[in-house]
Amino acid sequence: MAASVGELVERARTGDARAVARLVTLIENAAPVLREVMAGLMPYVGHAAVIGITGSPGVGKSTSTAALVGSYRAQGRRVGVLAVDPSSPFSGGALLGDRVRMQEHANDPGVYIRSMASRGHLGGLSWTTPQAVRVLDAAGCDVVLVETVGVGQAEVEIASLADTTLVLVAPGMGDSIQAAKAGILEIADVFVVNKADRDGADATARDLRHMLSTGERRGPDDWQPPIVKTVASRGEGIDDVVAAIDKHRDWLAGSGRLDAKRRLRAADEIEAIAVTALRARMGDLRGGTVLDELAARVVAGEVDPYAAADALVAGVTS
Ligand SMILES: Nc1nc2c(ncn2[C@@H]2O[C@H](COP(=O)(O)OP(=O)(O)OP(=O)(O)O)[C@@H](O)[C@H]2O)c(=O)[nH]1
Ligand SMILES: [Mg+2]
């Protein structure tokens, strides 16, 4: 017989890794008891620093994440790692690879490592990841590292759920240009030029600096993202990344932006949950027939789609 939610939350809070894993699985499965889980966790959250790690495939996110874990552990900080796969059907292998790289931390009770699929859920990252972060936070993690597998939308989404977003680029991948195109220059709080053992790292850093100084929307009161060079595979520069993250966090706290960021994040999460609930209710209206009937009437030209949508919303809210 499964443990009660209250027991699970209590065990997770005292750092029981299996309870933490069970709770994250409940989130992945969108289990109905999540409501109770979240209510139980709320008194214990708000402590962890949430760090998002993003960048093109193969740039070194997982290697950097593993190295960051080492650096934080050396400082005695407890660390959670979430490898989030929002979409890619190929992630199984990538996540497995990550697990291998994380092996050295696997037996450390001060580290929680968890891969998480969020595909298939409406709202995807927007509510599953914050909930998993909350579990790790309540479990006593000082830092939660969130690595997304896959590119595009996920990169921008991760920024809204992290306190500090690291954008990794590598020399010779045209990465700084791609970053500009994908709109991720704006989301970076710290730029990391990884694979600095390769030719072109200085040129890449220069490109980034140039792009940041031109076409920038950051004002004088805004955070100016530093550019840190690393060789993640050898652990070089990783302590500098940790220092840059800490500095950003101090700035966030001192400027009141941390609260603002967290309020925005909570708003996104509430909205995602509400939209999911509304969709479910729309689907349930009169056994799912209402939407079909309205669609038929739109096709027949009897009603316009706006009026049909109004009717649907009225059905849900009445
Ligand atoms: N030369 C060099 N290779 C590196 C460095 N960091 C990582 N690598 C290698 O680059 C490859 C990709 O590294 P990963 O950490 O898996 O990259 P990733 O961004 O997590 O990749 P995906 O999760 O597939 O997007 C691996 O073979 C690493 O060993 C580095 O600083 N220098
Ligand atoms: Mg990876």
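Partners of Arg234 according to the salt bridge (Lys or Arg N to Asp or Glu O under 4.0 Å) rule, which considers only residues two or more places apart in sequence or in another chain, are Glu236.
Linking Ile, Leu, Val, Met, Phe, Trp and Tyr residues whenever their side-chain heavy atoms come within less than 4.5 Å places Val5 and Leu34 in a single cluster. In terms of hydrophobic clustering, with Ile, Leu, Val, Met, Phe, Trp and Tyr side chains grouped at heavy-atom distances under 4.5 Å, Val24 and Val33 are assigned to a common cluster.
If you take CD on Glu269 and CG on Leu264, they are separated by 13.0 Å, rounding to the nearest 0.5 Å. A distance of 10.5 Å separates CG in Leu136 from CZ in Arg78, rounded to the nearest 0.5 Å. From Arg263, atom CZ reaches atom CG of Leu258 across 10.0 Å, with rounding to the nearest 0.5 Å.
Annotation for Asp199: atom CG does not count as buried by contact number, only 12 or fewer foreign heavy atoms lying within 6.0 Å.
Legend: salt bridge (Lys or Arg N to Asp or Glu O under 4.0 Å) pairs involving residues 249-259, not counting sequence neighbours, sorted by first then second residue: Asp163-Arg249, Asp222-Arg257. Residue pairs that meet the salt bridge (Lys or Arg N to Asp or Glu O under 4.0 Å) test with at least one member in residues 64-75, sequence neighbours left out, are Arg73-Asp108.
Tyr112 places a side-chain N or O within donor-acceptor distance of the main-chain N or O of Gly15, the cut-off being under 3.5 Å.
At least one side-chain heavy atom of Tyr72 sits under 4.5 Å from a side-chain heavy atom of Ile245. A heavy-atom distance below 4.5 Å is found between the side chains of Gln131 and Ile273.
Between the side chains of Arg114 and Thr25, at least one donor N or O sits under 3.5 Å from an acceptor N or O.
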